[in-house]
Amino acid sequence: MLCQPTMLLGGLLLLATMTTARQRGSAAGGRRNIYRVQHGQCSYTFVLPEPDLCQLVPVAPETNSLQGDLPASRLPPADLRAQRAQRVSQLEKILENNTQWLLKLEKSILRSLRSNLVQAKQHTDPNQTSTVLAPSADVVNQTVAQTHKLTSVEAQVPNQTSHITLENLLTTNKLERQVLMQSQELQRLQSRNRALESRLQALEAQHEAQMNSLQDKREQLQNLLGRQTGTLTKLKNHLQALSSNSSSLQQQQQQLMELVQRLARLVAQNQRTVSLKVPKQLFQDCAEIKRSGANASGVYTIHVANMTKPLKVFCDMETDGGGWTLIQRRQDGSMSFQKTWEEYKEGFGNVAREYWLGNEAVHHLTSRTAYLLRVELRDWEGLQTSIEYEHFQLGSERQRYSFSVNASSSSSGFKNSLAPQGTKFSTSDMDNDNCMCKCAQMMSGGWWFDACGLSNLNGIYYPVRQHLHKLNGIRWHYFRGPSYSLQGTRMMLRPMVA
Ligand SMILES: [Ca+2]
């Protein structure tokens with residue numbers, strides 16, 4: 001069925017209106033419009049999306065507000081952004097080409113429409129009109145096909161735009177997560193930094209306190225050093241003073257020594273003078289010395305008959321009239337009495353302290369005249385006693401210095417403890433006792449051991465608190481028992497007839 005020329009003209013006008021409206025829709029953006037084209041008895045419906053191409057282009061990744069706040073190092077890669085921008089640019093070019101093509105089509109239609117209108121006014125024959133409008137229908141069909149093509153192209157634009165937007169959203173979410181994680185990390189680092197700062201402050205305070213303490217100690221040490229230096233200086237001064245004093249003392253000592261030497265020389269000269277003036281007098285014993293006028297107890301020199309050498313001897317000038325010649329004395333343990341036969345024969349010790357005059361001298365002395373032997377004993381408690389023996393005489397060495405007495409008398413009434421007369425003298429190296437043993441080795445010292453007898457005044461000297469229960473000590477049985485070691489003893493001779 002043929003369409004009326006007016007209807008065809010209205011359809012073309014509608015098509016032109018549609019094209020113009022589409023262009024405005026593109027400018028307004030966002031909506032989908034339905035267009036209908038009536039061509040004769042045929043009706044064409046166009047559903048065209050109204051993409052916001054003009055708005056999509058500005059919503060580029062560079063204008064994202066969130067990305068705009070990010071540091072440059074956290075932005076998407078540059079090539080990704082360039083790729084997206086390129087794709088958007090391509091779409092825009094396609095759309096622009098299509099639009100230009102539509103504008104050209106529109107102009108062509110308008111030109112054809114005007115020429116057809118002019119021809120229609122010239123030729124009112126409907127048949128001719130239909131013949132003239134036939135090419136216009138072909139043009140409309142071409143226009144519809146181009147419109148379909150344009151619609152498909154426009155439909156691709158939102159899809160591409162949605163895809164790009166989705167990628168942007170995903171990238172944005174990813175970046176937001178990274179930003180959140182980095183913010184959390186930053187907070188953690190800030191918290192750790194604050195803790196480290198607090199610790200640093202505490203350490204600085206501790207360090208300052210230690211520095212103050214060290215400063216105080218240093219000041220104390222300096223004070224101490226100063227005091228010690230002062231003390232050292234004083235000590236040096238004292239030392240110098242002492243050195244000078246010492247030098248002075250040494251000089252005085254030297255002067256004194258020289259003085260003593262001069263005095264000694266003077267004394268020696270005086271002694272030689274006295275010896276030259278006084279004729280030398282020889283004494284047999286202390287009794288003779290006493291008779292010569294000497295009344296002071298002390299050390300004298302005697303000349304015993306038949307003895308080649310003079311003897312130093314201690315004379316007791318006080319006891320019971322004095323004149324006693326000591327042949328034995330024990331008083332402090334200063335002399336050991338562990339001696340040989342020969343030593344007991346010749347005598348030993350210090351006559352001013354402890355000594356044994358000598359068996360040979362006693363033999364010669366008691367062979368000249370009758371002597372009284374006095375034995376004095378003293379214990380550790382201060383008790384003293386004495387025993388005297390008349391006609392004490394000591395045999396010769398050939399007789400092993402055996403002794404003989406006539407009678408004895410004790411000042412305290414004690415029984416005699418001396419061995420029987422005739423008992424020989426024994427030493428550790430000369431056994432003359434009446435025992436199968438060697439009493440001198442058992443009892444120590446040299447003595448008139450029987451077997452081994454009741455006395456030994458030449459035993460070992462034991463000091464106080466060690467003097468008990470000693471069989472080899474200085475013992476006298478009938479005074480303090482068989483094992484009591486005495487504190488002191490004296491044996492001395494004096495002629496029975498003065
Ligand atoms: Ca014997």
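Ligands are counted one by one from 1 in listed order, and the atoms in each one are counted from 1 as well.
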Among pairs that include at least one residue of residues 224-234, which meet side chain to side chain donor-acceptor pair (under 3.5 Å), considering only residues two or more places apart or in two chains?
none
With a 3.5 Å distance limit and no angle check, can you tell me whether Y461 reaches the backbone of Q331 through a side-chain donor-acceptor pair?
yes
Mind listing the protein N/O/S atoms less than 3.0 Å away from the Ca ion (ligand 1)? Waters don't count.
D431 OD1, D431 OD2, D433 OD1, C435 O, C437 O
Sequence neighbours left out, what passes side chain to side chain contact (heavy atoms under 4.5 Å, CB included) with Q284? Give chain and number order.
E288, A305, R368
Going by the rule ring pair (Phe, Tyr, Trp, His ring centres under 6.0 Å), which residues pair with W448 if we only count those two or more places apart in sequence or in a different chain?
F403, F425
Under the 3.5 angstrom rule, does the side chain of S292 hit a backbone N or O of I289 as a donor-acceptor pair?
yes
Whether the side chain of E376 engages the backbone of R490 through a donor-acceptor N/O pair (distance < 3.5 Å, no angle test) should be reported.
no
